[in-house]
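In what follows, every chain begins at residue 1, and chains take the letters A, B, ... in the order their sequences are listed. Since the model is a prediction, treat every value here as computed from it, not as a measurement.
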Protein chains: 2
Amino acid sequence: METARVRRSSEFRQAEIVQAVVALAAECSPADITTARIAGAMALTQGAIFRHFPTKEAIWLAVAEWIEETLLGAIEEASLSSGAPLEQLQAMFRAHVGFAVAYPGAPRLIFHELQQPGDSAVKRRIRGLLGSYRGTLLQILKGARERGVVAHEVDVEHAATLFIGAIQGLVMQSMLAGGMRGVEESAQGVFGVFLSGIAGGQR
Amino acid sequence: METARVRRSSEFRQAEIVQAVVALAAECSPADITTARIAGAMALTQGAIFRHFPTKEAIWLAVAEWIEETLLGAIEEASLSSGAPLEQLQAMFRAHVGFAVAYPGAPRLIFHELQQPGDSAVKRRIRGLLGSYRGTLLQILKGARERGVVAHEVDVEHAATLFIGAIQGLVMQSMLAGGMRGVEESAQGVFGVFLSGIAGGQR
DNA sequence: CTCGCATGTAAGTAATTGCTTACTATCTTA
DNA sequence: TAAGATAGTAAGCAATTACTTACATGCGAG
């Protein structure tokens with residue numbers, strides 16, 4: 001009982017494919033995402049996928065671009081929500097964790113691409129993403145240190161690594177628990193510990 | 001020009017296979033490790049692999065066991081090197097990072113297994129590993145809090161998550177950089193930031 | 001109204017996967 | 001020294017991979 005065949009524009013299908021990949025990555029390893037599974041997830045045949053992307057690599061690249069736009073967009077929006085550096089950091093942290101909770105496949109995709117050997121276009125894109133992420137992080141941290149709300153002896157590079165690691169730790173914890181339940185609450189506490197690690201001011 | 005055929009005990013080959021997997025994981029994604037590549041890495045034919053392991057799953061399990069023994073062994077040894085909780089934590093941190101530097105494939109294997117769906121014997125083993133890791137971490141943190149060297153308002157669960165995340169962040173940074181160069185130095189600094197985040201005492 | 005093209009399907013392709021098979025070489029030991 | 005066990009090889013298995021091809025069809029422009 002095949003369902004009625006639906007015709008959509010290629011642009012529409014491209015976006016749909018990207019979303020399907022992100023959704024599938026939430027439940028299985030990116031390495032196990034085949035074009036057949038993608039097609040199955042959107043009620044298409046496997047061959048139809050190649051009407052909208054020339055190659056599977058192109059799909060991964062489109063996914064990477066979507067992650068870049070969405071995550072960096074959320075981060076930037078969060079950083080603009082306040083003028084106080086520490087509040088900016090907290091908003092960014094919250095936004096990043098919120099993104100990971102909303103799209104649990106995204107961090108997996110990033111990690112999966114990074115550990116691929118060699119240099120692909122996808123990997124370069126992901127590196128660029130993380131580079132500009134780290135860049136805004138460093139900028140805020142440096143500004144905070146100049147204002148004295150972050151202790152001047154803190155190495156901002158190390159602080160940025162710990163900031164990113166804190167989120168990684170939360171993601172890992174959620175993979176252990178088998179779900180994203182309670183992650184946002186833990187995030188609050190973990191960020192608190194991080195914050196008192198870099199705080200200067202009243203000491 | 002095939003090299004002279006070498007005969008080794010099955011026990012010897014099993015250990016060799018585990019080491020080959022760990023070494024291969026340092027250079028490529030665990031998903032790309034095939035039995036043929038394993039065999040190639042140790043100058044054997046692919047079929048010979050199955051003389052020493054009944055199935056590929058059994059290989060992954062043996063690898064997980066090796067990681068558990070080696071990592072937990074190093075961690076325990078480090079934690080016994082001192083009686084002072086904060087020094088214990090630092091020794092554990094150093095030992096863990098050292099392990100990741102010596103065997104860069106190990107964290108990838110752990111992450112790869114964790115994001116596999118369902119419940120396999122391998123995944124259960126990895127969960128057990130991380131569980132007892134976190135257990136000793138919590139024990140030390142609680143002891144430190146009772147002695148007052150860790151601020152009493154610190155949530156030890158969150159602190160443990162941040163501790164593990166800090167290492168994850170360092171691993172991620174090294175994957176970005178494309179190598180493990182300089183990680184141990186960064187580790188020192190990152191741990192310093194973490195430490196001042198949980199430190200109580202002289203405030 | 002109709003015709004061309006974009007979007008779909010179904011059935012291929014070669015390559016690669018984990019694993020098995022039939023057979024051979026080496027070592028131990030009675 | 002003959003026999004059995006162990007560890008190796010090469011070839012081939014069915015299943016799965018990304019990707020291609022041949023053919024069907026519905027929508028919009030002329």
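Taking the ring centroids of His96(B) and Tyr133(B), they lie under the 6.0 Å cut-off.
Remark on the helix from dC1(C)-dG30(D) to dA30(C)-dT1(D): inter-end axis angle 0°, axes from five-pair C1' superpositions, rounded to 10°.
Side-chain proximity of Ala48(A) to dT9(C), dA18(D), dC19(C): nearest is dT9(C).
In this structure, Ser9(B) has no side chain to side chain donor-acceptor pair (under 3.5 Å) partners at least two apart in sequence or on a different chain. Under the ring pair (Phe, Tyr, Trp, His ring centres under 6.0 Å) criterion, His52(B) pairs with no residue, sequence neighbours left out. Tyr103(B) pairs by the side chain to side chain donor-acceptor pair (under 3.5 Å) definition with nothing, not counting sequence neighbours. Considering only residues two or more places apart in sequence or on other chains, Gln88(A) meets the side chain to side chain donor-acceptor pair (under 3.5 Å) condition with none of them.
Against DNA chain D, the stretch residues 8-37 of chain A makes heavy-atom approaches under 4.0 Å through Ile33(A), Thr34(A), Thr35(A). The stretch residues 49-65 of chain A comes close to DNA chain D through Phe50(A), Arg51(A), Thr55(A), Lys56(A), each having a heavy atom under 4.0 Å from the strand.
Evaluation of the ring pair (Phe, Tyr, Trp, His ring centres under 6.0 Å) test over residues 5-34 of chain A, restricted to residues two or more places apart or in two chains, returns none.
The interatomic distance linking Gln46(B) (CD) with dA10(D) (P) rounds to 12 Å, in whole Å. Put simply, CZ on Arg7(B) is 7 Å from P on dC27(C), counting in whole angstrom units.
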Name every donor-acceptor pair, under 3.5 Å, that has one atom in a side chain of residues 110-123 of chain A and the other anywhere in the protein, sequence neighbours excluded.
{"from": "Gln116(A)", "atom 1": "NE2", "to": "Asp32(B)", "atom 2": "OD2", "distance (Å)": "3.1"}
{"from": "Asp119(A)", "atom 1": "OD1", "to": "Arg127(A)", "atom 2": "NH2", "distance (Å)": "2.8"}
{"from": "Asp119(A)", "atom 1": "OD2", "to": "Arg127(A)", "atom 2": "NH2", "distance (Å)": "3.4"}
{"from": "Ser120(A)", "atom 1": "OG", "to": "Lys123(A)", "atom 2": "N", "distance (Å)": "3.1"}
{"from": "Lys123(A)", "atom 1": "NZ", "to": "Gln116(A)", "atom 2": "O", "distance (Å)": "2.6"}
{"from": "Lys123(A)", "atom 1": "NZ", "to": "Gly118(A)", "atom 2": "O", "distance (Å)": "3.1"}

Which pairs would a plain distance check flag for residues 61-72 of chain B, meaning a side-chain donor or acceptor within less than 3.5 Å of a matching protein atom at least two apart in sequence or in another chain?
{"from": "Glu68(B)", "atom 1": "OE1", "to": "Arg125(B)", "atom 2": "NE", "distance (Å)": "2.9"}
{"from": "Thr70(B)", "atom 1": "OG1", "to": "Trp66(B)", "atom 2": "O", "distance (Å)": "2.7"}

Side-chain polar contacts of residues 161-190 of chain A - donor-acceptor pairs under 3.5 angstrom, sequence neighbours left out - could you list them?
{"from": "Thr161(A)", "atom 1": "OG1", "to": "Arg134(A)", "atom 2": "NH1", "distance (Å)": "3.4"}
{"from": "Thr161(A)", "atom 1": "OG1", "to": "Arg134(A)", "atom 2": "NH2", "distance (Å)": "3.0"}
{"from": "Thr161(A)", "atom 1": "OG1", "to": "Glu157(A)", "atom 2": "O", "distance (Å)": "3.2"}
{"from": "Thr161(A)", "atom 1": "OG1", "to": "Gln173(B)", "atom 2": "OE1", "distance (Å)": "3.3"}
{"from": "Gln173(A)", "atom 1": "OE1", "to": "Thr161(B)", "atom 2": "OG1", "distance (Å)": "3.4"}
{"from": "Ser174(A)", "atom 1": "OG", "to": "Val171(A)", "atom 2": "O", "distance (Å)": "2.6"}
{"from": "Ser186(A)", "atom 1": "OG", "to": "Gly182(A)", "atom 2": "O", "distance (Å)": "3.1"}
{"from": "Gln188(A)", "atom 1": "OE1", "to": "Arg94(A)", "atom 2": "NH1", "distance (Å)": "3.4"}

Would you tabulate the side-chain donor-acceptor contacts of residues 74-81 of chain B under 3.5 Å, counting partners in other chains and residues two or more places apart, or write 'none'?
{"from": "Ser79(B)", "atom 1": "OG", "to": "Glu76(B)", "atom 2": "O", "distance (Å)": "2.9"}
{"from": "Ser81(B)", "atom 1": "OG", "to": "Ala78(B)", "atom 2": "O", "distance (Å)": "2.6"}

